[in-house]
Amino acid sequence: MRGQGFDTRAIHAGAEADPATGARQVPIYQTTAYAFRDADHAARLFNLEEVGYIYSRLTNPTVAALQARVAALEGGAGAVCCSSGHAAQIMALFPLMAPGRNIVASTRLYGGTVTQFSHTIRRFGWSAKFVDFDDSEALRAAIDDDTRAVFCESISNPGGAVTDIPAVAAITDAAGVPLIVDSTLATPYLCRPIEMGATLVVHSLTKYMTGNGTVTGGVVVDSGTFDWSASDKFPSLSAPEPAYHGTVFHQTFGAMAFTFHGIAVGLRDLGMTMNPQGAHYTLMGIETLPLRMARHVENAQKVAAWLEADPRVERVTYAGLESSPWNATARRLYPKGAGALFTFAVKGGYQAAVRLVDALALFSHVANLGDARSLVIHSASTTHRQLTEEQQRAAGAAPEIVRLSVGIEDADDLIADLDQALARATA
Ligand SMILES: *Cc1c(COP(=O)(O)O)cnc(C)c1O
């Protein structure tokens, strides 16, 4: 059968007309539980012998439609939605990790992720080692016998650097560990990490995927291609699961093992479930993802080029600009564009950066990104505030730097707003 194009899948994947009513848009199944046909049906569902709906902490038809859609867009075997992007990260790591195990993570990550990995996961006995993923030797050396995952962002927050995913995947493949890519900033429109060798893709659906700042959500997409049984490193998937009468997930569910484990164990016991109303909004947002992302990128390119040419600006870090060290990688691996999030340094340092943020009128000063609206934030005093100055600099969030999430308004209006704010900030 001829495969459907990306734009068609963005509208149709996972969303047949409702079998019960014919409703054409995916209904919000606002229900906690589902009637069993009889006692035998209930027993089969609880034994994982039949796939179906039991209780909305595990599965819900509206959320299931979103899972199917994101899996189809990423080219994955399956997906599990969660209550937030941060929940998705824990859900991705949970089946892989155990006390004493570590992950190797890129230094260029969303500030909240650096905090989650540096501090919070230690409570589970897990740890993270941070390395520069452009340094293949350092990455290879950091992976040890206790490493159970390697984690990076495709396009990184806040600096907008792009990761050479095939190069990283070659290293993780050789080491026999899964590669997890947070592709929140790229979305599957700009980058499909699984096609480049990633094992798992996580998203904050809060951002571009929903696209209008209404929902907090996340998702873990599994490629279905990692051999969990090739070593004894991943017993949650390759060894008998005591809470399911000794079911071996990889043996029983094959390419769906990680996804079913995510639902049957992860959501069951951690409970980081997405709600059906949020899933409905995200489904509607994804319908226009290709149109929005094309415009986001077009505007970002114009705004970044204008800023770079302005004498009041010290530097702009956008992989879409030739001045970026990541421009060649962006052209090669991200041909539809390098995203719409980048940073720039204003002449005049910290004080000018803060004045600029206050002087902007059309850009909203918020701790979010990927909205249709243009957004701005001073990362060092907000999202990256928990980090040391050294970590801030490594993450591309130095004190003199302002981060823009370029929206889909008229580019000329965005440039006019930046022009007046720069005049006030550097006066
Ligand atoms: C926002 C964000 C997250 C966290 O997502 P939440 O939905 O806010 O929990 C993770 N990674 C990146 C790159 C993000 O931008």
Side-chain angles (χ1 to χ4, degrees), residues 63 66 70 74 79-94 103 105-121 128 130 133 149 151-163 165 180-191 193 198 200-221 270-275 278-279 281-282 285-286 293 296 300 317 319 334 338-343 366-371 375-377 379 382-387 395-397 403-407:
V63 178
L66 175 58
V70 179
E74 288 289 2
V80 181
C81 285
C82 328
S83 50
S84 70
H86 265 9
Q89 293 171 189
I90 296 297
M91 285 281 292
L93 293 173
F94 178 65
I103 59 175
S106 169
T107 44
R108 284 184 290 275
L109 294 177
Y110 175 68
T113 304
V114 177
T115 306
Q116 188 187 54
F117 288 176
S118 320
H119 302 287
T120 305
I121 64 169
F130 295 94
F133 274 37
F151 188 101
C152 64
E153 294 176 5
S154 48
I155 300 177
S156 73
N157 180 350
V162 298
T163 301
I165 297 172
I180 307 175
V181 176
D182 178 344
S183 210
T184 300
L185 266 55
T187 81
Y189 178 78
L190 297 177
C191 167
L200 302 166
V201 179
V202 294
H203 283 282
S204 167
L205 297 172
T206 314
K207 315 291 172 54
Y208 295 100
M209 294 289 264
T210 304
N212 48 35
T214 51
V215 167
T216 305
V219 67
V220 186
V221 185
L270 301 178
M272 301 167 168
T273 308
M274 188 178 210
N275 68 78
Y281 289 141
T282 302
I286 290 176
M293 289 312 290
H296 275 297
T317 62
Y334 303 75
L341 188 95
F342 61 83
T343 61
V366 300
N368 191 18
L369 62 96
D371 194 321
L375 312 174
V376 63
I377 201 158
S379 302
T382 55
T383 52
H384 287 63
R385 161 173 212 104
Q386 308 305 332
L387 311 189
R403 185 188 82 182
L404 296 184
S405 170
V406 179

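As the structure lists them, so they are numbered: ligands from 1, and atoms in each ligand from 1.
- If you look at Leu109 next to ligand 1, there are no close heavy atoms at all, none under 4.0 Å.
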Decide side chain to side chain donor-acceptor pair (under 3.5 Å) for Thr206 and Thr216; before the verdict, give the C-alpha distance in whole Å, the side-chain angles of both, and the deciding distance to 0.1 Å.
CA-CA 5 Å; Thr206 314; Thr216 305; 4.8 Å; no

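- Of the candidates Thr343, Asn157, Thr382, Asn157 is the only one forming a side-chain hydrogen bond (donor to acceptor under 3.5 Å, both in side chains) with Arg403.
- Checked by atom type, the side-chain pair Ser183/Ser154 shows a donor-acceptor distance below 3.5 Å.
- The nearest protein atom to atom 12 (C) of ligand 1, hydrogens excluded, is given as Asp182 OD2, 3.4 Å; this is a heavy-atom distance.
- Of the polar atoms of Thr216, none of the N or O atoms is found under 3.5 Å from an N or O of ligand 1, judged by distance alone.
- Residue Ala87 has no N or O atom closer than 3.5 Å to an N or O atom of ligand 1.
- What you find for Tyr334 and Thr163 is that their closest heavy atoms are OH-O, 2.9 Å.
- Between His86 and ligand 1, a contact under 3.5 Å exists for at least one N or O pair.
- Scanning the protein for heavy atoms near atom 14 (C) of ligand 1, the closest one is Lys207 NZ, 3.0 Å.
- Side-chain rings of Tyr189 and Tyr208 stay apart, their centers remaining 6.0 Å or farther from each other.
- Polar contact check, Glu153 against ligand 1: no nitrogen or oxygen pair lies under 3.5 Å apart.
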